[in-house]
Student: 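Pasting a structure here, questions to come.
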Amino acid sequence: MPQGQPTTVPDDGLTTRQRRNQPVLAVHTGPGKGKSTAAFGLALRGWNQGWPIGVFQFVKSAKWKVGEERALRVLGASGEGGPVSWHKMGEGWSWVQRDLETSEEAAREGWEQVKRDLAAETYRLYVLDEFTYPMHWGWVDTDEVVSVLRERPGAQHVVITGRYAPQPLLNAADLVTEMTKVKHPMDEGRKGQRGIEW
């Protein structure tokens, strides 16, 4: 197992093992590609550890099929790692809003389900994909999200993806990664392609 050396050791009375096993709140944000992909990679690691995984997609349409969904569903059903549940809350694609009122309602219902699952400690890892958008658009209260995540019981890890992550969420997170775009094929007029974008 890799042995990283922390730059500081807090005076919190915890042992190294206790500190190592604290649940993590991670945020993948920024304009670059790879935020969801990195979160699904984390889900693969959790699956390998035997953790129950809950994926909640907040903005992508229920009709949108991503490769990671199929892979994680197959792995979850294999009986070799942890079980995987996949929930689609959104009614439209994040860059093409169709019915904002329906999408807002679906996002709020999705957050209510996440709160219930956190209280019940249903999963060990939660992937809240594109969840920054409902906060950014004011559909879900950021202060409530931060409060619920800070007070979540047990050892539940949460990773949130999407652009425009609000500052209170970034402040509360243990791990924040900003994906920056240096270059993208779409800049040259090329559309997303199978196996790369989905």
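Note that these values count all heavy atoms, side chains included, but never hydrogens, waters or copies made by symmetry. What you are looking at is a predicted structure, and each value in this text was computed from that prediction instead of being measured.
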Student: Looking at every non-hydrogen atom in both residues, tell me the closest pair between Glu69 and Lys88 and how far apart they are.
Tutor: OE1-NZ, 2.9 Å
Student: Could you tell me whether a side-chain N or O of Arg152 sits under 3.5 Å from a main-chain N or O of Leu118, the two making a donor and an acceptor?
Tutor: no
Student: Shortest non-hydrogen contact from Pro153 to Ala119?
Tutor: CG-O, 4.2 Å
Student: Within the supplied structure, the quantity of interest is the number of heavy atoms (other residues, nucleotides, ligands) at a distance under 6.0 Å from Arg45 CZ; does it exceed 12?
Tutor: no
Student: Holding to ring-ring contact (aromatic ring centres under 6.0 Å, His included), I want the full list of residues that pass it with Trp111, two or more places apart in sequence or in another chain.
Tutor: Phe131
Student: Within the 3.5 Å criterion, strictly below it, is a donor on Gln57 or Trp86 matched to an acceptor on the partner's side chain?
Tutor: yes
Student: Above 12 or not: heavy atoms from other molecules or residues under 6.0 Å from CZ of Arg116?
Tutor: yes
Student: Same hydrophobic cluster for Trp137 and Leu128, using side-chain heavy-atom links shorter than 4.5 Å among ILVMFWY?
Tutor: yes
Student: How far does CG of Leu149 sit from CD of Glu144, to the nearest 0.5 angstrom?
Tutor: 9.5 Å
Student: Tracing side-chain links under 4.5 Å among I, L, V, M, F, W and Y, which residues wind up in one group with Leu175?
Tutor: Val24
Student: Keeping the roles fixed (side chain from Thr132, backbone from Arg163), state whether a donor-acceptor pair exists under 3.5 Å.
Tutor: yes
Student: Quick one: do Val148 and Leu25 end up in the same hydrophobic cluster if we chain Ile, Leu, Val, Met, Phe, Trp and Tyr together by side-chain heavy atoms under 4.5 Å apart?
Tutor: yes
Student: Strictly distance-based, threshold 3.5 Å: is any side-chain N or O of Tyr123 a donor or acceptor partner for the main-chain N or O of Ser85?
Tutor: no
Student: Okay, side chain of Arg73, backbone of Val84: is any donor-acceptor separation there less than 3.5 Å?
Tutor: no
Student: Write down the atom of Gly154, the atom of Pro23, and the distance for their closest heavy-atom approach.
Tutor: O-CG, 3.8 Å
Student: Looking at CG of Leu72 and CH2 of Trp47, how far apart are the two atoms once the value is rounded to the nearest 0.5 Å?
Tutor: 9.0 Å
Student: With a 3.5 Å distance limit and no angle check, can you tell me whether Asn21 reaches the backbone of Arg17 through a side-chain donor-acceptor pair?
Tutor: yes
Student: Return yes when atom CZ of Arg70 has more than 12 non-hydrogen atoms of other residues, nucleotides or ligands closer than 6.0 Å, and no otherwise.
Tutor: no
Student: Are the side chains of Gln49 and Leu125 in contact, using a 4.5 Å heavy-atom criterion?
Tutor: no
Student: Consider only side-chain heavy atoms of I, L, V, M, F, W and Y, link residues closer than 4.5 Å, and tell whether Met179 and Met186 are in one cluster.
Tutor: no
Student: Considering only heavy atoms from C-beta outward, does the side chain of Leu42 approach that of Val127 to under 4.5 Å?
Tutor: no
Student: Would you say CD of Glu188 has more than 12 non-hydrogen atoms from neighbouring residues, nucleotides or ligands within 6.0 angstrom?
Tutor: no
Student: Side chains of Leu44 and Leu75, heavy atoms from C-beta outward: is any pair under 4.5 Å?
Tutor: yes
Student: Measuring from atom CD1 of Ile160 to atom NE2 of His28, what distance do you get when rounded to the nearest 0.5 angstrom?
Tutor: 10.5 Å
Student: Contact between Arg19 and Val9 at the side-chain level, heavy atoms closer than 4.5 Å - yes or no?
Tutor: yes
Student: Which atom pair, heavy atoms only, marks the closest approach of Glu121 to Gln156?
Tutor: CA-OE1, 3.2 Å
Student: Is the closest side-chain heavy-atom distance between His87 and Gln113 below 4.5 Å?
Tutor: no
Student: Are any non-hydrogen side-chain atoms of Tyr126 and Phe56 less than 4.5 angstrom apart?
Tutor: yes
Student: To check you understand the geometry: which heavy-atom pair defines the closest contact between Lys35 and Gly30, and what is its length?
Tutor: NZ-O, 2.9 Å
Student: Can you list the steps and then say if Gln22 with Leu14 is a side-chain contact (heavy atoms from CB on, under 4.5 Å)?
Tutor: CA-CA 10 Å; Gln22 289 179 315; Leu14 298 176; 3.2 Å; yes
Student: Any side-chain heavy atom of Leu169 within less than 4.5 Å of one from Val27?
Tutor: yes
Student: Decide yes or no on side-chain contact (heavy atoms from CB on, under 4.5 Å) for Arg124 and His157, but give the supporting numbers first.
Tutor: CA-CA 6 Å; Arg124 182 74 190 274; His157 302 288; 3.8 Å; yes
Student: For the side-chain contact (heavy atoms from CB on, under 4.5 Å) test, which of Val146, Asp143, Thr142 pairs with Pro166?
Tutor: Thr142
Student: Hey, does Tyr133 have a side-chain heavy atom less than 4.5 Å from the side chain of Ser103?
Tutor: no
Student: Quick one: closest heavy-atom pair of Gln18 and Gly13, and the distance?
Tutor: OE1-O, 4.3 Å
Student: Taking it one step at a time, do Val114 and Val158 satisfy side-chain contact (heavy atoms from CB on, under 4.5 Å)?
Tutor: CA-CA 10 Å; Val114 170; Val158 178; over 6 Å; no
Student: Could you give me the CA-CA distance, side-chain angles and deciding distance for Glu112 and Arg108, then say whether salt bridge (Lys or Arg N to Asp or Glu O under 4.0 Å) is met?
Tutor: CA-CA 6 Å; Glu112 291 301 317; Arg108 286 187 177 156; over 6 Å; no
